[in-house]
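The next block holds one structure in the form of C-alpha cells; read it before the comments.
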Amino acid sequence: MEEIGKLIQTRIDKIKTIRDMGINPFPYNFEVTDFSKDIIDNFESYNKNNEEIKPVSVAGRIMAIRLMGKAAFCSIHDKKGNIQLYIAQKNIGDKSYEMFKHLDIGDIIGVKGIVKKTQVGEITVYADQLTLLTKNIRPLPIVKEKDGEVFDAFSDKELRYRNRHLDLLVTHGVKETFEKRIKIIKTVKRILDGKDFLEVETPVLLPIYGGANAAPFTTHHNSLDMMLYLRISLEPYLKRLIVGGIDRVYEIGKCFRNEGMDRTHNPEFTMLELYMAYADYIDMMNLTEELFESACKEIHGTTEIEFDGKKIDLKRPWRRLKMVDAIKEYAQIDVENLNEEEMRKLIKAKGGEIKGSFIRGLAINEIFELYVEEQMIQPTFITHQPLETTPLCKVDYEDERYLQRFELFINGHEYANAYSESNDPVFQRKTLYEQSLRRDVDAEVSPMDENFVQAIETGMPPTGGLGIGIDRMVMLLTGERSIRDVLLFPTMKPEKPQ
RNA sequence: GGGAAAGUAGCUCAGUAGGUAGAGCACCGCCCUUUUAAGGCGAUGGUCGACGGUUCGAAUCCGUCCUCUCUCACCA
C-alpha cells in the first residue's frame, strides 16, 4: 500500500476510535460567536486585568499542535485568521482530552472558553469545552513560520493550482488576493451602476461567434443536434442591447479563446465590456481612468503602486498621446515621413516581420509595438491608431487615416481598448461579409452574423465601447505576475493523460 | 511551436568516478501542564514522473514520452 494510504488509514482508524468513545466525529452544527481576528484586535473587550469579561465560542481548522502531556497549545484557522487555543485536561475533562489526543492537523474543532494572554503574551482561548466538528483523513502540507519567516512553504505551483483548497489553507496571501479580486470587480460595478449602466448577462453558448479575432471553443447540443461556440467576446450581444434602447450597458463575464496559454493568457478569462450610447472614445478614457483609480484606492488606499519594482501612479488624469506622436517621442522616429522601405528596415531591425503585403497602417502599429509599447510604464492612453487596425471603429474627423480609438498601456502592457464604435450599417455589412469570405484562409475570422448585422441596420446610436481584461487589471492591482495566481482554478492539463 | 530548468517519503528538499535511498517537518510509540519552526527518546514510511536502452548492477548514463515552471514566438 502506498504511504499516503497508510496515513489515511491511520486517520480512518481514529474515526472508529472516537466513535467507540461515544463521540460523533461529524456533528451537524456548532454555534460560532467569535472569530480569531476580532478577539485579537479587541482583546480588552474580552479580558481586562486578567479578568474574564465574556466567554467565546470559536471554530476552525487545526493548523498546529504543541502537545505537552496533560495540556496542549494548538493554532486554529478560521475565516478571519489564526488564533491559539490552550487545551488542558483539567479544563476540558478526561474524556474530551483523550479524544483530543487522537486529533490531527487538518481537523476542524469548536471551542468554548475564555480569552487570556499566556506568559509570553499571546492572546489565547483557554478551552472549557472542546467539540470535534470534522475529522480530517488526508494530511495537509505542513507550513511553519517564525518571526514572519515561512519555512517549508507549500511552493510547488502545480500542486498549488491543482489543489487550491490546500493552497488557500496553508499559503499566505492567497485568500487575500481573491478577496481583492472581488473588491476590484465590486468597485467597477459600483461605479458603473452609479452612472446608470445596466448590468446584463448575455449568452455564453452561441450558434455563431464574433467580436474579436480568436479561435473559439466548440461544443455540441444533443437535442438540437447542432454545433455551438463559446463566446470569444461580449460585444455582439451588448451592441444588440444598445440598439434595443439600453443606452448604458455592461457585462463582466467569462470569455473563451482556444489559443496558447502563458503567463497572461488562460483559455477562459474575465472581460468587462461596456457600451454607452451618445458617447465617444474620450468619454471612454475618462471612465477608464475613474475605474482604475477607484479600484486602486479601494485596494491600496492610494493611487501609487509598485509592480516589478517600478513605481506606478494611477492618479487621474493620465497622459493621452497619439500613436504617431508616441513613436516620435519614445523612439525618435517620424513615422509619417517614412517610405515603405524605411519602415520595413525598422521593423526587421527589431525582429518584427510584415505578414503578407505591406499595409502602411499596420506597419505603423508594428513599429509602435516594437519600439514604444514596453516604455509605457505610467498609465498612458495611446490614441489614433491607424485606420487599418480595425474595421469596427470610426475614423477621426480631423485626419481620416486614423481612428477614434485608444489602447491603455500600463507597465508596458495593454489593459484596455476602446472605440468610438462604427455604426454605419452599410459599411458594417460589407466589412463583415468580406471578412467572412476569408474564413477558409484564416480560421480565426468570425463567420457572418446576419442577425447582428440586421440589428446594426436597425440603427445603433453613436456609441462609445470599452473592453478591459479584468484578470490583468487584478494582476496589476495585486502585484501578481501570473494570471494563474488571480484565477482560483486555472486551466490545467490532467495529471495523468487518459 | 523553440529554448532552459525541474519531477526523489504526505510537505520542503539533499543525494555523480553507476554499487542495497537520506534529512527536517508530518505520521506512529513513549516522556512532558505555558508552548509557539515547542522539546527529548525511539520506530515506520519510497515503483526515485512513465516506458525503453546501455551495464554484472541505473535515482544517477542514453533515448522517447508525460506533467509543471521560466522564457521566446504566436495569439488579444
Side-chain angles (χ1 to χ4, degrees), chain A residues 1-11 13-14 63-75 82-92 97 101-102 104-106 116-124 126 136-163 166-167 169-171 211-215 232-233 255 257-267 269 271 351-353 355 369 389-390 407 413-417 442-444 467-469 471-472 481-482 484-485 490 492-498:
Chain A
M1 180 188 277
E2 56 174 342
E3 170 65 7
I4 180 71
K6 289 179 192 162
L7 293 175
I8 288 173
Q9 188 55 52
T10 302
R11 296 189 182 199
D13 293 343
K14 286 179 177 179
M63 301 307 287
I65 301 174
R66 295 178 285 277
L67 179 74
M68 298 155 296
K70 294 187 172 63
F73 289 94
C74 66
S75 303
N82 293 294
I83 191 163
Q84 177 170 264
L85 309 179
Y86 179 66
I87 314 276
Q89 183 168 4
K90 71 165 195 242
N91 293 340
I92 65 167
Y97 198 78
K101 287 200 278 190
H102 289 95
D104 295 289
I105 291 169
K116 287 201 269 189
K117 280 188 180 172
T118 63
Q119 285 179 354
V120 294
E122 177 157 352
I123 294 164
T124 299
Y126 284 64
N136 153 300
I137 63 169
R138 184 173 290 272
L140 259 48
I142 305 297
V143 177
K144 302 221 172 189
E145 194 181 344
K146 185 187 188 181
D147 301 332
E149 190 181 353
V150 176
F151 299 83
D152 300 338
F154 185 46
S155 56
D156 185 310
K157 287 197 175 178
E158 178 176 0
L159 289 179
R160 289 181 49 210
Y161 297 145
R162 288 191 196 282
N163 302 286
L166 296 177
D167 194 32
L169 286 172
V170 305
T171 308
N213 286 329
I232 58 172
S233 83
C255 294
R257 296 188 185 176
N258 206 339
E259 294 177 341
M261 296 165 60
D262 63 29
R263 217 177 67 226
T264 55
H265 295 82
N266 195 68
F269 62 102
M271 285 269 285
E353 64 169 319
K355 280 153 256 155
E369 286 178 8
T389 57
T390 171
E407 295 167 290
H413 294 105
E414 187 186 335
Y415 284 86
N417 187 13
D442 185 351
E444 290 188 354
I468 294 176
D471 307 291
R472 291 184 190 176
R481 298 189 70 250
S482 168
R484 294 187 154 192
D485 290 316
M492 303 286 282
K493 276 195 194 176
E495 242 169 321
K496 287 187 178 154
Q498 302 300 311

Does [X] reach a base, just sugar-phosphate, or nothing at all? Heavy atoms under 4.0 Å.
X: A:K14; answer: sugar-phosphate
X: A:R484; answer: sugar-phosphate
X: A:R160; answer: nothing
X: A:Y97; answer: nothing
X: A:E122; answer: base
X: A:F154; answer: sugar-phosphate
X: A:R263; answer: sugar-phosphate
X: A:E149; answer: nothing
X: A:E369; answer: nothing
X: A:S233; answer: nothing

Between [X] (side chain only) and [Y] (backbone N and O only), is there a donor and an acceptor less than 3.5 Å apart?
X: A:D156; Y: A:E158; answer: yes
X: A:T124; Y: A:E122; answer: yes
X: A:Y86; Y: A:T118; answer: no

Could you tell me how far apart [X] ([atom1]) and [N] ([atom2]) are, to the nearest whole angstrom?
X: A:D156; N: B:rU69; atom1: CG; atom2: C1'; result: 9 Å
X: A:K146; N: B:rA37; atom1: NZ; atom2: P; result: 5 Å
X: A:H413; N: B:rC75; atom1: NE2; atom2: P; result: 16 Å
X: A:N417; N: B:rC75; atom1: CG; atom2: P; result: 16 Å
X: A:I142; N: B:rC13; atom1: CD1; atom2: C1'; result: 16 Å
X: A:F269; N: B:rC75; atom1: CZ; atom2: P; result: 15 Å
X: A:K101; N: B:rU33; atom1: NZ; atom2: P; result: 10 Å
X: A:Q9; N: B:rG10; atom1: CD; atom2: P; result: 16 Å

Checking base pairs now: Watson-Crick or wobble, both atom distances under 3.5 Å. What partners [N]?
N: B:rC25; result: B:rG10
N: B:rU20; result: none
N: B:rC65; result: B:rG49
N: B:rG1; result: B:rC72

Base of [N], side chain of [X] - is there a donor-acceptor contact under 3.5 Å?
X: A:E158; N: B:rU69; value: no
X: A:Y161; N: B:rU69; value: no
X: A:T118; N: B:rU35; value: yes
X: A:Y86; N: B:rU35; value: no

Side-chain N or O of [X] closer than 4.0 Å to phosphate OP1/OP2 of [N]:
X: A:S75; N: B:rU35; value: no
X: A:K157; N: B:rU67; value: no
X: A:R481; N: B:rU71; value: yes

Give the nucleotide from the list [options] with an atom nearest to the side chain of [X].
X: A:K6; options: B:rC28, B:rG46, B:rU71; answer: B:rG46
X: A:T10; options: B:rU34, B:rC11, B:rC27; answer: B:rC27
X: A:L7; options: B:rA73, B:rU12, B:rG10; answer: B:rG10
X: A:H265; options: B:rC75, B:rU69, B:rU35; answer: B:rC75
X: A:K90; options: B:rC13, B:rU33, B:rC28; answer: B:rU33
X: A:R162; options: B:rC68, B:rU12, B:rA73; answer: B:rC68

Using 0.5 Å steps for rounding, measure from the CZ atom of A:F154 to the CG atom of A:L169.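 CG of A:L169 is found 10.0 Å from CZ of A:F154.
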Any side-chain donor-acceptor pair under 3.5 Å between [X] and [Y]?
X: A:Q84; Y: A:S75; result: no
X: A:R11; Y: A:H102; result: no
X: A:D167; Y: A:Y161; result: no

A:T171 vs A:V143 side-chain heavy atoms within contact, under 4.5 Å: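 Sidechains of A:V143 and A:T171: no contact.
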Using a 4.5 Å cut-off on heavy atoms from C-beta on, say whether the side chain of A:R472 contacts that of A:T264. yes
Taking the six-membered ring of A:F151, is the NZ or CZ of A:K144 close enough (under 6.0 Å from the centre) and on axis enough (within 45°)? no
Shortest non-hydrogen contact between A:L140 and A:G106, atoms and distance: CD2-CA, 3.9 Å
Taking atom [atom1] in both [N] and [M], compute the distance separating them and give it to the nearest angstrom.
N: B:rG10; M: B:rG19; atom1: P; result: 24 Å
N: B:rA21; M: B:rG46; atom1: P; result: 12 Å
N: B:rG7; M: B:rG15; atom1: P; result: 10 Å
N: B:rG2; M: B:rG18; atom1: C1'; result: 33 Å
N: B:rU44; M: B:rG49; atom1: C1'; result: 25 Å
N: B:rU55; M: B:rC41; atom1: P; result: 48 Å

Using atom names, set out every protein N or O paired with an N or O of nucleotides 38-42 of chain B below 3.5 Å, distance rounded to 0.1 Å.
| unit_1 | atom_1 | unit_2 | atom_2 | d |
| --- | --- | --- | --- | --- |
| B:rA38 | OP1 | A:K144 | NZ | 2.2 |
| B:rA38 | OP2 | A:R66 | NH1 | 3.2 |
| B:rA38 | N6 | A:L67 | O | 2.7 |

Nearest-nucleotide comparison on RNA chain B, the residue closer to the 5′ end among A:R11 and A:A416: A:R11
With nearest nucleotide decided by heavy atoms, which residue, A:R472 or A:I105, maps closer to the 5′ end of RNA chain B?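 Looking at the nearest nucleotide for each, A:I105 comes out on the 5' side.
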